[in-house]
Amino acid sequence: QVQLEESGGGLVQPGGSLRLSCAASGSIFSINAMGWYRQAPGKQRELVAVISSGGSTNYAASVKGRFAISRDNAKNALYLQMNSLKPEDTAVYYCNARGVLTPRGFYERDYWGQGTQVTVSS
């Protein structure tokens, strides 16, 4: 069983910074892709940033240059450094893992965390 747990959300003023963390637990040998998604009230969940096991990254245009995704493969951990935050960044942020190798085999499916709230407001 693979579980993801996010932390680091909160309330921040416009222009401020936050760092989100995601810890993957369970019997995990490796994870292919990991990413951050977000969902604002009344909107669909959208991609924020993804990173491959080799470190290749991809960002949504709206966050490029402000956010930085990183991961620690040894710890099965994922991070999102968010700078220059804007009110439109307000959303629940979800951690995602796709393609997990476990002692029972390889699972080409999505795993999701419960989400962490990020609110950008003065």
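In what follows, every heavy atom counts, from backbone to side chain, and hydrogens, waters and symmetry copies are set aside.
Both tests do not hold together for Arg38 against Tyr94: distance to the six-membered ring centre under 6.0 Å, angle to the ring axis within 45°.
Asn73 and Arg71 are linked by a side-chain donor-acceptor pair at a separation below 3.5 angstrom, with hydrogens and angles left out of the test.
Tracing side-chain contacts under 4.5 Å through hydrophobic residues (I, L, V, M, F, W, Y), one reaches Phe106 starting from Phe29; they form part of the same cluster. There is a path of hydrophobic side-chain contacts, each under 4.5 Å, that joins Val2 to Trp36. The same ILVMFWY cluster, assembled from side-chain heavy atoms under 4.5 Å apart, contains both Val120 and Tyr59. No continuous path of hydrophobic side-chain contacts links Leu47 to Leu78 [ILVMFWY only; heavy atoms under 4.5 Å]. Each of Leu85 and Val92 belongs to its own hydrophobic cluster when Ile, Leu, Val, Met, Phe, Trp and Tyr are linked at side-chain heavy-atom distances under 4.5 angstrom.
Heavy-atom neighbours of Gln81 CD from other residues, nucleotides or ligands within 6.0 Å: above the threshold of 12. Open room surrounds CD on Gln1; 12 or fewer heavy atoms of other groups in view lie less than 6.0 Å from it. Annotation for Gln44: atom CD does not count as buried by contact number, only 12 or fewer foreign heavy atoms lying within 6.0 Å. Remark: Gln114 CD is loosely packed, at most 12 non-hydrogen atoms of other residues, nucleotides or ligands lying under 6.0 Å away.
Centroid-to-centroid, the aromatic rings of Tyr37 and Trp112 come within less than 6.0 Å.
With a 4.5 Å cut-off on side-chain heavy atoms, Met82 and Leu18 count as touching.
Applying the side-chain contact (heavy atoms from CB on, under 4.5 Å) rule to Ser21 yields the partners Ser7, Arg19, Tyr79; only residues at least two apart in sequence or on another chain are considered.
The line from OG1 of Thr102 to CD1 of Ile31 is 11.0 Å long, rounded to the nearest 0.5 Å. The SG atom of Cys95 lies 10.0 Å from the CG atom of Leu80; values are rounded to the nearest 0.5 Å. Summarising the geometry, atom OG belonging to Ser121 is positioned 8.5 Å from atom CD belonging to Gln13; distances are rounded to the nearest 0.5 Å.
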Could you list the donor-acceptor pairs under 3.5 angstrom formed between side-chain atoms of residues 48-58 and any protein atom two or more places apart in sequence or on another chain?
unit_1	atom_1	unit_2	atom_2	d
Ser52	OG	Gly54	N	3.3
Ser52	OG	Gly55	N	3.3
Ser52	OG	Ser56	N	3.0

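Closest approach of Ser17 to Ser84, counting heavy atoms only: OG-N, 4.4 Å.
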